[in-house]
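Everything below concerns the one structure shown next.
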Amino acid sequence: MSNLTLEAIELTRLFGGREAVKNVSFHLEKGEVLGFLGPNGAGKSTTMRMLTGNLAPSIGTVKICGIDMIENPKEAKALIGYLPEMRPIYKELSVDEFLTIAARLHKVPSKQIKKAVDIAKEKCGLSHMSKRLIENLSNGYQQRVAIAQAIIHNPLVVILDEPTVGLDPIQIREIRSLIREIGQKHSVILSTHILPEVEMVCDRVQIIDKGNLVFHGSIDELKQHRQGNKLLVGFSKAPPLSALKDVEGITKVEKVEAGMYRVHFKNKQPPSEAIVRLSVKNRWGLYQIAPDQTSLEDVFVQLTEKKQKN
């Protein structure tokens with residue numbers, strides 16, 4: 001049996017002649033958390049709506065466990081749990097009442113509803129909130145209820161659109177932990193504009209900008225973009241720039257502050273040993289030599305600018 005749970009094939013969506021999403025293709029496997037990353041207005045929510053069958057693609061195909069979303073929408077949607085950006089909860093109901101309704105809407109058999117509600121509450125840390133009105137819960141717990149309705153029918157694919165928006169730091173940490181736990185037994189797509197969130201929670205990531213996929217790869221590959229060919233080097237006795245530039249493999253040297261330099265090199269292997277030997281020989285007092293990591297935000301800017309130039 002194939003582990004492939006979702007396929008998006010050349011998805012394109014037009015709005016008034018404008019391409020909001022352009023020829024987007026990717027797949028999702030069982031037990032995988034895929035980060036779908038991009039700035040506001042990049043096409044993330046439009047793509048999520050197409051994946052869930054809430055919006056028909058102008059061109060392209062969505063398959064859930066091999067079932068075509070257009071040809072067999074009921075069968076395909078039954079395999080999906082969805083949390084849209086605007087959480088679909090009825091605040092005047094208690095947690096148990098709302099989740100019971102959600103289970104019925106998801107066609108959970110009557111005899112299994114109570115068990116399904118209990119399991120969803122346990123997974124989302126809501127067991128002690130059963131009788132509480134949703135409107136009286138904190139923002140973080142309301143988001144847990146919204147996630148619980150998305151997984152109550154034990155779907156193979158869970159799609160979460162901006163699940164941590166509007167939460168405080170403690171609530172964000174708790175929701176991220178919950179997403180990682182859900183990802184162990186389900187396939188999860190996490191749509192967000194928060195770069196560190198993807199790095200902390202996901203196995204793979206794809207970045208979308210202006211409707212185009214500009215990056216698709218593992219988290220390690222994304223981190224490699226951060227690494228780059230740069231070192232931060234600090235000396236107690238500042239050497240002349242020309243002495244550092246003469247080291248083999250170094251292409252550029254920038255002064256960051258007194259005694260601190262950013263060294264660019266062209267090879268995969270950094271010239272660390274050569275810099276250390278030179279420092280000892282000239283008594284420069286080397287006190288720091290470490291990779292200079294590009295911020296995730298800068299990586300995103302670089303990727304999107306590169307796509308625009310191409």
Side-chain angles (χ1 to χ4, degrees), residues 6 8 11 13 15 20-21 24 26 28 32-55 62 77 80-91 98 102 120 123-126 134 137-152 155 157-183 186-216 219 222 296-297 299-301 303-304:
L6 183 147
L11 290 183
R13 176 64 197 193
F15 288 107
V21 175
V24 168
F26 61 92
L28 185 65
E32 184 177 42
V33 180
L34 173 65
F36 201 66
L37 183 65
N40 292 326
K44 300 190 306 298
S45 291
T46 299
T47 303
M48 296 302 103
R49 290 171 64 198
M50 287 191 286
L51 295 178
T52 56
N54 290 308
L55 181 68
V62 174
K77 290 179 182 180
I80 297 174
Y82 181 38
L83 171 64
E85 189 172 359
M86 298 296 292
R87 60 177 75 130
I89 55 177
Y90 296 103
K91 295 186 178 182
F98 172 71
K123 284 184 177 180
C124 297
L126 292 166
I134 295 174
L137 299 180
S138 68
N139 199 24
Y141 272 104
Q142 288 188 22
Q143 192 71 329
R144 286 171 180 261
V145 173
I147 294 173
Q149 67 79 29
I151 65 171
I152 196 159
V157 179
V158 178
I159 298 176
L160 308 173
D161 194 356
E162 303 280 5
T164 60
V165 167
L167 304 183
D168 64 40
I170 293 175
Q171 293 168 341
I172 288 173
R173 190 181 303 120
E174 291 173 344
I175 294 299
R176 286 175 180 170
S177 177
L178 174 59
I179 292 169
R180 283 193 295 269
E181 184 179 341
I182 293 171
H186 307 258
S187 298
V188 178
I189 296 181
L190 170 64
S191 172
T192 180
H193 65 278
I194 305 170
L195 282 156
E197 188 161 84
V198 167
E199 190 174 36
M200 293 171 64
V201 174
C202 301
D203 304 303
R204 283 191 299 123
V205 60
Q206 52 194 29
I207 298 176
I208 190 170
D209 181 56
K210 296 179 180 176
N212 295 292
L213 279 186
V214 296
F215 177 83
H216 186 104
I219 292 298
L222 182 63
L296 281 168
E297 284 76 12
V299 169
F300 176 77
V301 171
L303 288 168
T304 53

Which atom of S187 lies closest to which atom of L28, heavy atoms considered | CB-CD2, 3.5 Å

Name all residues meeting the side chain to side chain contact (heavy atoms under 4.5 Å, CB included) criterion together with S138; count only those two or more places apart in sequence or in a different chain, and write none if there are none.
-> Y141, Q171

Partner set under side-chain hydrogen bond (donor to acceptor under 3.5 Å, both in side chains) for E197, not counting sequence neighbours | T164, R176, T192

Residue list, side-chain hydrogen bond (donor to acceptor under 3.5 Å, both in side chains) with N139, at least two apart or on another chain | R87

Can you check whether C202 reaches V33 side chain to side chain, under 4.5 Å on heavy atoms?
-> yes

Value for OG1 (T47) from CD1 (I189), rounded to nearest 0.5 Å, stands at 9.5 Å

T52 versus K77: any side-chain heavy-atom pair under 4.5 Å?
-> no

Residues two or more places apart in sequence or in another chain: which of them pass side-chain hydrogen bond (donor to acceptor under 3.5 Å, both in side chains) with S45?
-> D161

d(S191 OG, K44 NZ) to nearest 0.5 Å is 5.0 Å

Sequence neighbours excluded, which residues qualify as salt bridge (Lys or Arg N to Asp or Glu O under 4.0 Å) partners of R13?
-> none

Set of side-chain hydrogen bond (donor to acceptor under 3.5 Å, both in side chains) partners for R204, sequence neighbours left out | E32, H216

Would you mind reporting whether I179 and P163 have side-chain heavy atoms less than 4.5 Å apart?
-> yes

Evaluate the side-chain proximity of I172 to I194: yes if any heavy-atom separation is below 4.5 Å, no if none is.
-> no

Side chain to side chain contact (heavy atoms under 4.5 Å, CB included) between R144 and E174: does it pass, once the steps are laid out?
-> CA-CA 9 Å; R144 286 171 180 261; E174 291 173 344; 3.2 Å; yes

Pairwise distance CD1(I207) to CG(N212) - rounded to 0.5 angstrom | 13.0 Å

Report the residues that fulfil side chain to side chain contact (heavy atoms under 4.5 Å, CB included) with A148, sequence neighbours left out, ordered by chain and then residue number.
-> L99, A120, C124, L126

Kindly indicate whether the side chain of L51, heavy atoms from C-beta on, has any atom under 4.5 Å from the side chain of L11.
-> yes

Find the distance between CD1 (I89) and CD1 (I147) and round it off to the nearest 0.5 Å.
-> 11.0 Å

How many angstroms lie between CD1 in I134 and NZ in K91, if you round to the nearest 0.5 Å?
-> 9.5 Å

Going by heavy atoms in the side chains, are K123 and I182 under 4.5 Å from each other?
-> no

Would you please name every residue forming a ring-ring contact (aromatic ring centres under 6.0 Å, His included) with F26, sequence neighbours left out?
-> F36

For R49 and Y82 the tightest heavy-atom approach is CG-OH, 4.0 Å

dist I175:CD1 -> L83:CG (nearest 0.5 Å) comes out at 9.0 Å

